[in-house]
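All remarks here apply to the structure that follows.
Sequential numbering from 1 along the given sequence is applied to the chain's residues. All values below were derived from every heavy atom in this structure, side-chain atoms included, with hydrogens, water molecules and symmetry-related copies excluded.
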Amino acid sequence: MRTARHHYAVEDVDPAVVRSKELDGPGRWTEYLAQDIVSPRTSKVSSKRNESEGTTHSSAGSSLKGLNMQWVYQLTHVAEGLLAKMYRLNQILDYPDVAGHMFSEAFWKSGVFPNHPKICMFLSKKFPEHHSKLQLERIDKFALDAMNDGAESCIQSLEQWIQLLLDLMAFREQALRLILDLSSTVITLLPHQNSLILHAFMDLFCAFVRVNLFSEKIPRKMMLQTYNLLHAMTRNDHDCDFYHRLVQFIDSYDPPLKGLHEDLNFVSPRIGEVLEAVGPIIFLSTDTRKLRNEGFLSPFHPRYPDILTNSAHPMRAQDLANVTSYREWVLFGYLVCPDELLRVTSIDIALVVLKENIVLPLFRDEYVLLHEDYQLYVLPRILESKKLAKSGRSKQKEADLEYSVAKQVEKMISEVHEQAIYSCDAIHRERRILLKQEIGRMVLFFTDQPSLLAPNVQMVFSALAFSQSEVLWYFQHVGVASSKTKTTKMVAVDIDPNDSTIGFLLDGIDRLCSLVRKYIAAIRGYALSYLSSCAGRIKFLLGTPGMVALDLDATLKGLFQKIVQHLENIPKPKGENVSAITCDLSELRKDWLSILMIVTSARSSINIRHLEKATVSTGKEGLLSEGNSAYNWSRCVDELELQLSRHGSLRKLYFYHQHLTTVFRNTMFGPEGRPQHCCAWLGVASSFPDCASIIVPEEVTKIGRDAVLYVESLIESIMGGLEGLINILDSEGGFGSLEMQLLPEQAATLMNLTSRGSFSTGKSPRVISGFHLPGFESYPENNNFIKMLEAAMQRLTNLCSVLNDMEPICVLNHVFVLREYMRECILGNFRRRLLAVLKTDNDLQRPSVLESLLRRHTAIVYLAEQHISMDLSQGIREILLAETFSGPVSSLHLFENTTEQHTGSAIESVSSWYIEYIVKDVTSAGVLFAPQHSCFKSSRPVGGYFAESVTDPIELNAFVRIFGGYGVDKLSRMIKEHTAALLNCIDTSLRANNENLEAVSLSMHSGDRLEREANIKQIIDMDTTIGFCIQAGQAISFDSLLAVAAGSVLEDTAPLIHSLLAGVAKHLPTEIPEKKEIRRMRKVANSVNASHDHDSEFVRSVLEEVGCANDGSWNMLPYLFATFMTSNIWNTTAFNVDTGGFNNNIHCLARCICTVIAASEHVRLEREHQQRRAFSNGHVGESLDSDAHYLSAEARIKSTMQLFIRYSAGIMLDSWSEDNRSPLVAKLIFLDQVCDISPYLPRSSLEPHVPYAILRSIYSQYYANSPSAPLAVISASPQHSPAISLAHVSPALRQTKGDSTPQSSSNDSGYYKSSTLSQDQLYDGTDGRIIHSTDNKHRNVRRSGPLGYSISQKVKQMEGSSSGGTGSSSVPKFAVSRSGPISYR
């Protein structure tokens, strides 16, 4: 079945219609010239170019004397469209190797060709043979049948590409006819006489060559043969109408250079003339020394610096803007017109250009290998000419010269390839260095002298074009490989991927374009002034006798009058309002182009030579020179952006954006990289969408997406470099090397080594035992790291300044603000740094070291912040807050415990480490609490440190400073969870042993020892319960240290708040039950150790949360604790004088007993009160007096503690025997520590059961044998020595809160009474009541401190006691009172 599309599109097209379509000129190319399908930016540029360069008046266009230049420009645009179509087809087909018949799998899956490789490739290889003669059934019968079945769909997929072949054939005919017409009718094509028509002619010539060379890269043969086969299958073996013409066209251009040589043979002489004419400019562009010395790209005169405007070489400097086009003309011209190489001057021109190029760009990133084509297609023509000249040498002298020239050309082509491979990069690198220097000076000069930019704007365009050419050359040759001969392997061109000059050129182009845009009003004003003055000069030249004698015809005379009229009507710039002038000079350019088209035509009676002779005799510029200058300056009025786009746009770099990214990464942060170049590297992407062709609309989306990805990739690299600079400064070799401090023992070792050695003053100090001697950094050979730091700091600050000041990068509808990226980068790097330094080798970093590292990193961030217009400090605080607490803040305000309390990963990691390794001691490292040092110690390292290295007050203070109150809350909450689990275990043990404990209590009261021992043996899991209690005491101890650290930091940083909390805590009312607000305030004060009893308050909150101590089993708690004295754990318990605790952490059991009893009594009392209120059904009167409630709680606690002490001492003494004496000492010290720890228990509570003489003897033995004993005497003066003072002080009740009346400070400190006075206020342990004496104004308080004998504590506590004694004495008195303290000797 025939489809309607194919029926009308291909089969029934009248050949006459086709021929007329091909011959009707530009009307055929509507698709390629349509402006409605192109992006606005491209449309604007193209339309302006057409108006300014291509359109003419209909009268001039229809004149037989003129040339139809509109057609020339339009065919050049058509060539661009054809190249874009072929480029797109090449992409779809996955860039096939047509010459080698190599096709990828993607080629056959593209949908263009039938997926039957054997048939299609066979048809292509047998071209131009007809398919009917090839017996395709033998090749692949199955594929042939499948093609026959799907012929209609295959025809439709090939149809648009067959139309492309038809367009190529039509373009070849029309373009060739126009080129031949121009060549034969234009009188002169010299750049200084007829540059406008010359450029139009050569642009069309090069476009014609490009299209035909590119056509070799698409499978033309396969396309035509396959289409004709499918057409025959559906049309009864009839060939398509254009088949034979396309076969002839493709065959004549197979290879393309063969057809080009034949087609362009007639224009070869004109091409040779043009190439000879542009030779001097090409030579000048390659002579970097001359360019530099003569100042062709310098805004001031090289030999006369005082002359600011450089008028030394105005025309040559302007011609340098076209040097890229001139080089392309040479490469294409000699390639397709090889006979022109036999001119005497052509050898040098070709050699210069061939030596510095390896590839010949065709379109975008497609190219052909230049030297291979010259050797394959140019060299045979030269050898043929050499052979002909050699055979005629005996007959003609010219033949001898021709032979000599041909021989030189042969040698040049044979040798220049190897020269180019090894020298082209060096040549262009030298040129890039020149441009780097010249553009740098140009930018500085015009920034300082902006008024001189307008007169030298043509020079700026030359510098832009020259730099654009060099940047494009660099990326066109990156990764290119070429072979010297057919037999040798491919050799890659040595292009340095770390060439920093690329960044300088990009930056120079960007800054020059910015300067032009900044002062565009001044440039327009200067151009308008020039054009106004030009009107008088042209009017004068038209009135000279020579021009009058020419007797111009009416058409030409009218055009000249229009030119004068246009120039006279130009508005005069007045004042500063130049930017408001709107002036369209397109009509001026059209009329001047019409004049040129007439006077350069051989058909015109008045030509360009006549005009030059008639006006040049005046001694001034000729008429043509004035008109061409007016044409060029008019474009600076209304087409300045178009000129900037032409000379300074780097949109073609899109096709090399991957190489662009690589070079950027290699150079930006290298030794020669400059942070300010980032703007140029990123700004290039803004012009990428301009590469989209009007023929392929989908390219806009693809190119836009690639441009966005390119910018994102570069931003990622820039931010990576920014992070790298920060991390370099933050490393141990950076600022860390300036913070290195020796430990005291290291400093002592170094001083000893220094004092022993003798060093020469003229030599650098050597390293001894791993330490640098003083002055090491001052020697030049040792200060490299200082220079590195200075360079890194300078680069960091420069990069921050540049990124902060950079304008947003706009790519289509995407806007990139580098300032925001930089902020996210710096803060993100701080977050990563925080998480990275938390642990080292899977172990926790010491908080003090962590704090130091964070302070160092923060200092670097603050250094960068000085160059950024945003607040990074706030961001750092937000990160620290997020890493500490990320839950709802309302839960903190309301003191609510949410089910899912989210916290930051940093505090989660640190808190978990402390709980696992310190509180729980999961590694069994022997972690013990050392009351003497207020930290934890371990027998072996916990990870990488001993426990004291991470738990001493300095480290915990650092922890609080890093993570703040939220971090303390998190760690405290985890401790609470752990403690709650342990208290539940105690509750379980009480419930399980309730009956046994009741029996134990009865036996204790009855005094039946045997029954008591029998009942105690019935208690289950006693040792396990003891372990839980020790762990609970350890957790409570750690929380106490944490609270002390929190209070210390709060007092240092916010002393007023700490003072407020401490003062409020002292005056909080003690009600039962407590009000919600009072409870909250008590918790806050307790979290910073500002409360009366931190430990009991902590355990009390735990008990309230878990609901323990709510039944009668907790009445047995003191009996359970008393039974612990029978445990086997005491057999391995020993007291350690250095730590003030026991070797198995049993002293934590004492803390647990004191706090759990106190907290449980408070909780039980509150619940009893609630039960009474519920039982009375709300008819209770006003709440009881708060002091009575508190006294009741305190009395119950004291009673319970006294009960525990009495029964524990009884069990201990009953279990003692001559055979088993070792546990007794530990138990005695343990009970003494319980009395010391509990704020509710007098220190003398143990004396009724154990005489203090025994304890004094025990402590005397311990401290006499301890190495720290001498220190105890030396630490204080003999007058205030604890050993002396304690001899005269009796143990008495400790100051507690039993009295509601506040006591003055004078009575609170240093108030001591003898033991006889202490009997006036005794504690009755049986009924738990306090018996007050008649003198109850002050309660007797024992101020001798705990028997842990911390020297610092004892000195503070004993100062008042010593001052109230008998005075100083050289002989200490050791009078022992009835219940006096233990002497420490």
**OP:** Indicate the atoms forming the closest heavy-atom contact of Gln476 with Tyr656, along with that distance.
**Re:** CG-OH, 3.1 Å

Subject >> Val72 versus Ala200, closest heavy-atom pair with distance >> reply: CG1-O, 3.6 Å

**OP:** Identify the two heavy atoms, one from Thr501 and one from Lys436, that lie closest to each other, and give their separation to 0.1 Å.
**Re:** CG2-CD, 4.4 Å

**OP:** Measure the NE2-CG distance between His417 and Leu369 for me, rounded to the nearest 0.5 Å.
**Re:** 7.5 Å

Original post:
Centroid-to-centroid, Phe461 to His647, below 6.0 Å?
Top reply: yes

**OP:** Verify, without hydrogens or angle tests, whether His371 (side chain) and Ile413 (backbone) share a donor-acceptor contact under 3.5 angstrom.
**Re:** no

Subject >> Between CZ on residue Phe214 and CG on residue Asn90, distance to nearest 0.5 Å >> reply: 5.0 Å

**OP:** Measure across Tyr32 and Asp167 and return the closest heavy-atom pair with its distance rounded to 0.1 Å.
**Re:** OH-OD2, 2.7 Å

**OP:** Report the C-alpha separation of Leu435 and Phe466 in whole Å, then their side-chain angles, then the decisive distance to 0.1 Å, and conclude whether the side-chain contact (heavy atoms from CB on, under 4.5 Å) test is met.
**Re:** CA-CA 8 Å; Leu435 290 171; Phe466 216 164; 3.9 Å; yes

Subject >> Donor-acceptor pair, side chain of Ser601 and main chain of Met597, under 3.5 angstrom >> reply: no

Original post:
Between Ser346 (side chain) and Leu342 (backbone), is there a donor-acceptor pair under 3.5 Å?
Top reply: no

Subject >> Close side-chain approach of Leu83 to Leu362, heavy-atom, < 4.5 Å >> reply: no

**OP:** Give a yes or no on whether the backbone of Asn265 and the side-chain of Ser268 come within a donor-acceptor separation of less than 3.5 Å.
**Re:** no

**OP:** Determine, stepwise, if the pair Met86 / Leu168 fulfils side-chain contact (heavy atoms from CB on, under 4.5 Å).
**Re:** CA-CA 10 Å; Met86 289 189 288; Leu168 288 173; 4.0 Å; yes

Subject >> Sub-4.5 Å side-chain heavy-atom contact between Leu291 and Leu320 >> reply: yes

Original post:
Can you tell if the side chain of Glu340 reaches within under 4.5 Å of the side chain of Leu275, non-hydrogen atoms only?
Top reply: no

Original post:
Would you say Leu198 and Leu190 make side-chain contact, with heavy atoms under 4.5 Å?
Top reply: no

Subject >> Side-chain (Asp287) to main-chain (Phe283) donor-acceptor, under 3.5 angstrom >> reply: no

Original post:
Any side-chain heavy atom of Tyr253 sitting closer than 4.5 Å to one from Lys258?
Top reply: no

**OP:** Search all heavy atoms of Cys691 against all heavy atoms of Tyr654 and return the closest pair with its distance.
**Re:** SG-CB, 4.2 Å

**OP:** Mark yes when over 12 heavy atoms from residues, nucleotides or ligands other than Lys652 sit less than 6.0 Å from its NZ; otherwise mark no.
**Re:** no

Subject >> Worked verdict on Arg651 versus Ser645 for side-chain hydrogen bond (donor to acceptor under 3.5 Å, both in side chains) >> reply: CA-CA 9 Å; Arg651 59 179 176 269; Ser645 174; 3.2 Å; yes

**OP:** Start with the C-alpha distance between Lys387 and Glu384, add both sets of side-chain angles, then the distance that settles salt bridge (charged side-chain N to carboxylate O under 4.0 Å, His left out), and finish with yes or no.
**Re:** CA-CA 5 Å; Lys387 183 178 180 181; Glu384 183 180 351; over 6 Å; no

Subject >> By ring-ring contact (aromatic ring centres under 6.0 Å, His included) - contacts of His477 (at least two apart) >> reply: Trp473

Original post:
Would you call Ser469 and Val323 a side-chain contact if the rule is heavy atoms closer than 4.5 Å?
Top reply: no

Original post:
Less than 4.5 Å apart, any side-chain heavy atom of Thr185 and any of Thr600?
Top reply: no

Subject >> Criterion side-chain contact (heavy atoms from CB on, under 4.5 Å) on Arg343 and Ile349, from CA distance to verdict >> reply: CA-CA 10 Å; Arg343 295 172 180 257; Ile349 298 173; over 6 Å; no

Subject >> Ring-face cation of Arg364 near Tyr87 (centre distance under 6.0 Å, axis angle within 45°) >> reply: yes

Original post:
Between the side chain of His261 and the main-chain N/O of Leu335, is any donor-acceptor distance below 3.5 Å?
Top reply: yes

**OP:** Output yes when a side-chain donor or acceptor of Asp97 lies under 3.5 Å from a complementary backbone atom of Gly100, and no otherwise.
**Re:** yes

**OP:** Could you tell me which residues satisfy side-chain contact (heavy atoms from CB on, under 4.5 Å) with Ala350, sequence neighbours excluded, listed by chain and number?
**Re:** Tyr334, Leu341, Leu354, Met412

**OP:** Without swapping roles, check the side chain of Ser462 against the backbone of Gln458 for a donor-acceptor pair under 3.5 Å.
**Re:** yes

Subject >> Non-hydrogen atoms of Ala170 and Trp29 that approach each other most closely >> reply: CB-CH2, 4.0 Å

Subject >> Euclidean distance, Trp71 CH2 relative to Gln174 CD, rounded to 0.5 Å >> reply: 5.0 Å

**OP:** For Val98 and Lys217, run side-chain contact (heavy atoms from CB on, under 4.5 Å): C-alpha distance rounded to whole Å, both residues' side-chain angles, the deciding distance at 0.1 Å, then the answer.
**Re:** CA-CA 6 Å; Val98 179; Lys217 293 180 177 290; 5.8 Å; no

**OP:** Enter the distance from Ile250:CD1 to Leu165:CG here, rounded to the nearest 0.5 Å.
**Re:** 5.0 Å

**OP:** In plain terms, say whether Glu410 and Lys407 are close enough for a salt bridge, that is, a side-chain N and a carboxylate O under 4.0 Å apart.
**Re:** no

**OP:** Decide, yes or no, whether a salt bridge links Arg432 with Asp425 under the criterion of side-chain N to carboxylate O below 4.0 Å.
**Re:** yes

Original post:
Hey, does the side chain of Ser183 reach the backbone of Ile179 with a donor-acceptor pair shorter than 3.5 angstrom?
Top reply: no

Original post:
For Trp329, what residues pass the side-chain hydrogen bond (donor to acceptor under 3.5 Å, both in side chains) criterion, not counting sequence neighbours?
Top reply: none

Subject >> Separation between CE of Met459 and CG of Leu512, rounded to the nearest 0.5 Å >> reply: 12.0 Å

**OP:** Could you tell me whether a side-chain N or O of Ser252 sits under 3.5 Å from a main-chain N or O of Gln248, the two making a donor and an acceptor?
**Re:** yes

Original post:
Any side-chain heavy atom of Tyr374 within less than 4.5 Å of one from Val416?
Top reply: no

Subject >> Interatomic distance, Ile509 atom CD1 to Glu470 atom CD [nearest 0.5 angstrom] >> reply: 10.0 Å

